[in-house]
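Down below is the structure, laid out as structure tokens.
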Amino acid sequence: MLKLSSLDPVALKCKALAIPVAEDKSLHQNRIISSTIKHIKGYKEFTGKESETMTVYDPKRLNAKRIFLFGVGKAAEIDTEKLRTMAGKSIKKAIAFDLTEVVILIPSAKALRLAPEEVISAVGEGARLANHQFDRYKKPKHQVLKQIRLVAEKPFLTKHRTLINQLDAVCGATLLARDWVNTPANDKPPAVFARKVKQAAQNNGLKVEIKDEPWLKKQGFKSMLAVAQGSNNRPRLVVLKYLPKGAKKTIVLVGKGVTFDSGGLNLKPTGAIETMKCDMSGAAAVAAALVAAPKRKVKHNLIGVLPLVENMPSGKAFRPGDIIKTWAGKTVEIGNTDAEGRLILIDAIAWAVDSFSPDITIDMATLTGACVVALGEKIAGVFSPDDKLADNLVKAGRETHERCWQLPLPEDYKELLKSEIADTGSIGGGRWGGAITAALFLSEFVKDIRWAHIDIAGPAFLKKGGPYGEAGASGFGVRLIHRWLDTL
Ligand code: BES
Ligand code: ZN
Ligand code: ZN
């Protein structure tokens with residue numbers, strides 16, 4: 001779907017050519033392209049300011065039927081996110097005009113303060129991610145494009161083609177995660193979601209095991225089973241393995257997979273419950289990241305662990321005040337049945353660490369509303385006792401624009417989790433610092449390993465669409481994890 005070629009953009013016959021235009025400088029080496037832009041700018045109706053757009057039909061001297069000009073602001077201020085945005089807008093415009101393909105002209109890296117690889121990846125990502133609609137339940141008004149061509153003026157090296165294939169794999173996986181999360185809870189109870197994941201994983205050459213409830217009982221996943229017990233839809237644990245030859249490191253990725261979080265007996269109120277099909281976004285991101293691993297030829301062993309449950313109130317549901325056991329043997333007094341994510345994670349993490357002895361463990365979870373209060377809807381919270389690991393995740397977040405911010409794990413806050421009658425309480429009690437106390441609770445079960453927790457409650461599911469994504473599931477975490485894996 002995504003093709004990179006180095007062609008003469010003037011001779012190129014196409015229905016639509018999208019061109020990024022800066023305010024103060026030409027971004028293209030081709031003289032005819034530059035003089036066409038200069039000519040249009042002469043009318044003063046389009047100046048290249050950020051978010052300005054203009055369509056010109058039958059431009060003189062070009063073979064394109066129409067050109068879409070996209071203002072990207074001052075050349076020195078153009079970053080990869082502005083390029084993703086420009087590419088995403090090109091695709092959305094072409095879709096709205098019922099075109100079947102679009103050609104995007106890649107700006108010259110020399111004119112920007114970016115490496116050619118960064119320019120190509122950013123344009124490719126924005127375009128690929130924008131060319132998607134969740135159409136399982138309603139016929140969309142417009143169809144997505146059949147083809148996107150990225151055209152660069154200079155001859156491109158083979159390594160740039162590889163780059164396109166790689167980002168195609170990661171973006172494809174991101175879109176898969178979006179589709180899983182957007183699927184309503186009635187169509188993805190744990191057993192069904194597990195099967196969907198298995199299919200995608202097997203198609204991509206991963207090893208997959210689905211563990212059912214008798215297995216979970218036998219193994220002693222007591223804390224996870226306590227959350228699951230209120231629902232008629234029985235839990236599953238999915239284990240995905242990518243084990244390339246010669247791998248030196250093993251990374252365990254755990255994803256919270258609550259296919260619907262009603263809150264349980266502490267039922268969520270109207271206004272908070274409606275979007276809770278998104279509570280398996282961590283599991284979706286982990287599964288999708290593994291699905292992309294073979295195509296991206298990731299060098300490390302990856303183990304994905306997905307605890308899948310539905311959190312429902314019923315006559316069988318667990319209660320506030322219940323004391324439950326965990327896989328690791330500690331007892332937990334339940335403070336609130338809506339704090340269920342941490343209970344499935346501690347069993348999955350402790351079991352995975354014991355089973356696979358990973359070098360690094362990362363969990364991703366839509367864990368707390370408090371994290372959304374702290375960082376808003378677009379930034380995830382990163383918690384780790386290992387500052388270097390946290391820094392690397394934050395850096396990967398900056399580069400992918402899946403932004404993360406490190407939050408602390410203060411020892412003295414552990415006091416808030418204390419229970420009089422069990423080894424620990426499940427929640428912090430008071431109103432404040434809920435994202436931190438949740439992370440501290442997890443930390444009590446992952447002692448002495450390199451571990452990071454990413455709270456994606458904000459960015460996993462968006463009220464408003466962006467330039468390269470629709471409202472709803474964002475697929476947050478897939479690109480982040482892959483970028484981070486590249487730094488290991
Ligand atoms: N799934 C929610 C967190 C969430 C909130 C995800 C908003 C996405 C958007 C989680 O299980 C939850 O309900 N957490 C509670 C914990 C509290 C009861 C200690 C919360 O954050 O309110
Ligand atoms: Zn909850
Ligand atoms: Zn939840």
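Order of appearance sets the numbers: ligands from 1, and atoms from 1 within every ligand.
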Need the ligand 1 atom indices (1-based, order shown) with element for anything under 4.0 Å from a heavy-atom of [X].
| X | answer |
| --- | --- |
| Glu340 | 11 (O) |
| Lys256 | 1 (N), 10 (C), 11 (O) |
| Gly369 | 3 (C), 5 (C), 20 (C), 21 (O) |
| Lys268 | 2 (C), 12 (C), 13 (O) |
| Thr366 | 1 (N), 2 (C), 3 (C), 6 (C) |

| task | May I have the step-by-step check of side-chain hydrogen bond (donor to acceptor under 3.5 Å, both in side chains) for Tyr137 and Asn182, ending in yes or no? | result | CA-CA 11 Å; Tyr137 298 89; Asn182 280 327; over 6 Å; no
Original post:
Is there an N/O/S atom in Asp261 at a distance below 2.8 Å from the Zn ion (ligand 3)?
Top reply: yes
Discussion item. Strictly under 2.8 Å, is the Zn ion (ligand 3) approached by any N, O or S atom of Lys256?
Written reply: yes
From the list Glu310, Gln229, Glu213, side chain to side chain donor-acceptor pair (under 3.5 Å) partner of Arg234 resolves to Glu213
Heavy-atom proximity to atom 6 (C) of ligand 1, picking from Ala457, Cys371, Gly335, points to Ala457
Query raised in the report: Should one rank Asp455, Leu367, Thr437 by closest heavy-atom distance to atom 10 (C) of ligand 1, which comes out on top?
Result: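 Heavy atom nearest to atom 10 (C) of ligand 1 belongs to Leu367.
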Discussion item. For the Zn ion (ligand 3), give me the closest N/O/S atom belonging to Asp279, just the atom name.
Written reply: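 Asp279's closest N, O or S atom to the Zn ion (ligand 3) is named OD2.
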Of all the N, O or S atoms in Glu340, the one nearest to the Zn ion (ligand 3) is OE2
Which protein non-hydrogen atom lies closest to [atom], naming both residue and atom, and how far is it?
| atom | result |
| --- | --- |
| atom 17 (C) of ligand 1 | Ala339 CB, 4.3 Å |
| atom 2 (C) of ligand 1 | Asp261 OD2, 3.5 Å |
| atom 19 (C) of ligand 1 | Ile427 CG2, 3.7 Å |

If we set the cut-off at 4.0 Å for heavy atoms, which region of [X] has an atom near ligand 1: side chain, backbone, both, or neither?
| X | answer |
| --- | --- |
| Asp338 | both |
| Arg431 | neither |
| Asn311 | neither |

Using distance alone, decide if ligand 1 has a nitrogen or oxygen within less than 3.5 Å of any nitrogen or oxygen in [X].
| X | answer |
| --- | --- |
| Met276 | no |
| Arg342 | no |
| Asn336 | no |

Below 4.5 Å, heavy atoms only, C-beta onward: do [X] and [Y] meet side chain to side chain?
| X | Y | value |
| --- | --- | --- |
| Thr80 | Glu399 | no |
| Lys82 | Glu77 | yes |
| Trp451 | Ile349 | yes |
| Thr326 | Thr331 | no |

**Prompt:** Got a sec: does the CG of Asn232 have more than 12 other heavy atoms crowding it under 6.0 Å?
**Reply:** no
d(Leu129 CG, Ser474 OG) to nearest 0.5 Å is 10.0 Å
d(Leu409 CG, Phe383 CZ) to nearest 0.5 Å is 6.5 Å
- prompt: Does Lys330 make a cation-pi contact with Phe445, if we ask for NZ or CZ under 6.0 Å from the ring centre and within 45° of the axis?
  reply: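 Output yes; distance and angle both within limits.
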- Please determine if Lys277 forms a cation-pi arrangement with Phe260, meaning its NZ or CZ atom is less than 6.0 Å from the six-membered ring centre and no more than 45° off the ring axis. no
Asn204 side chain to Ala292 main-chain N or O, any donor-acceptor pair under 3.5 Å?
no
